[in-house]
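What follows is a single structure, written as structure tokens, with notes after it.
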Amino acid sequence: MADEIDVTAEETTEDVTEDTSGNEETEQTMQEELIEDLTAELELSDKNFSATLLTTKVKAAIRDVQRVRNYPSYYTDEQIEEDLYNYYSNCRAIALYDYNKIGIDGADSHNENSVSTSFTDRDKLFAGVIPLSR
């Protein structure tokens, strides 16, 4: 019985070591993190969930925030990525908003089977995203 415990302990240690080294090598980008977070949420609530459509909406949201931030040409990709994390919640809200409006683009409200839905102005989701001065 003692042999079994030792083997299990060794296997557990090896697994932890492998996981730790794997995490150091593969750091998630903000885009990947947003997709993972929103996928977890939407798979539970949307029976017609589409990972492809979500990916498109996440990419567009990040680009929209980048456009509003108006990064100078001397900013590196790493600096932009780091700065964008300050606007993670904005990117998330914009991507989710755009995903939820699939099929009813351009509508401010939607009524179906006595269920009424109204949407906020998309521009309000950019609150707090301030352009960089040049």
Side-chain angles (χ1 to χ4, degrees):
M1 182 148 193
D3 290 335
E4 290 177 24
I5 293 172
D6 290 340
V7 171
T8 306
E10 288 175 16
E11 290 174 3
T12 304
T13 304
E14 289 174 14
D15 290 342
V16 171
T17 305
E18 288 174 13
D19 288 346
T20 303
S21 65
N23 286 339
E24 291 174 8
E25 292 176 16
T26 57
E27 189 175 313
Q28 271 189 320
T29 65
M30 186 170 122
Q31 178 179 315
E32 293 167 337
E33 191 174 333
L34 279 167
I35 291 168
E36 184 178 302
D37 290 350
L38 288 170
T39 296
E41 180 178 335
L42 290 168
E43 282 181 331
L44 295 173
S45 62
D46 183 359
K47 64 181 179 186
N48 297 318
F49 173 72
S50 169
T52 303
L53 289 175
L54 177 63
T55 299
T56 303
K57 299 304 180 182
V58 167
K59 286 179 183 179
I62 291 171
R63 286 185 186 122
D64 287 348
V65 170
Q66 285 177 329
R67 181 184 43 77
V68 171
R69 287 291 287 159
N70 196 24
Y71 293 104
S73 58
Y74 60 83
Y75 262 54
T76 65
D77 290 341
E78 292 80 23
Q79 288 174 310
I80 293 171
E81 178 82 14
E82 186 178 323
D83 182 68
L84 278 173
Y85 266 101
N86 295 319
Y87 303 99
Y88 182 92
S89 60
N90 295 85
C91 291
R92 185 185 183 287
I94 294 163
L96 186 59
Y97 178 91
D98 291 346
Y99 181 86
N100 285 328
K101 284 196 76 173
I102 293 172
I104 51 173
D105 298 340
D108 292 331
S109 62
H110 180 72
N111 295 310
E112 187 174 326
N113 296 329
S114 71
V115 175
S116 178
T117 305
S118 59
F119 296 96
T120 61
D121 181 19
R122 186 176 188 269
D123 291 338
K124 290 182 180 180
L125 300 174
F126 290 90
V129 180
I130 302 166
L132 294 170
S133 61
R134 295 202 176 215

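Only a predicted model underlies this, so the values are computations on that prediction, with no experimental measurement involved.
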Is there a donor-acceptor contact under 3.5 Å from the side chain of Y97 to the main chain of F119? no
Could you state the interatomic distance from [atom1] ([X]) to [atom2] ([Y]), rounded to the nearest 0.5 Å?
X	Y	atom1	atom2	result
L42	N48	CG	CG	11.5 Å
E81	Q31	CD	CD	8.5 Å
K57	L34	NZ	CG	15.0 Å
N100	D46	CG	CG	7.5 Å
D77	T29	CG	OG1	12.0 Å
I130	N70	CD1	CG	13.5 Å

State, yes or no, whether a side-chain contact exists between L44 and F49 at a heavy-atom distance under 4.5 Å. no
A95 to A61 - nearest heavy-atom pair and separation: N-CB, 3.7 Å
Run the numbers on L84 and Y71 for side chain to side chain contact (heavy atoms under 4.5 Å, CB included), then give the verdict. CA-CA 11 Å; L84 278 173; Y71 293 104; 3.6 Å; yes
Pick from N90, D64, I94, L96: which one makes a side-chain contact (heavy atoms from CB on, under 4.5 Å) with L125? I94
Option among V68, V65, I62 that satisfies the side-chain contact (heavy atoms from CB on, under 4.5 Å) test with Y87: V65
Considering residues at least two apart in sequence or located in another chain, which fulfil the side chain to side chain donor-acceptor pair (under 3.5 Å) criterion with E33? Y85
Atom CD of residue position E82 - does it have more than 12 heavy atoms of other residues, nucleotides or ligands inside 6.0 Å? no
Run Y99 and L38 through side chain to side chain contact (heavy atoms under 4.5 Å, CB included) and show every step you take. CA-CA 10 Å; Y99 181 86; L38 288 170; over 6 Å; no
Run the salt bridge (Lys or Arg N to Asp or Glu O under 4.0 Å) test on R69 and D83 for me, step by step, so that the C-alpha distance in whole Å, both residues' side-chain angles and the decisive distance to 0.1 Å come before the verdict. CA-CA 9 Å; R69 287 291 287 159; D83 182 68; 3.0 Å; yes
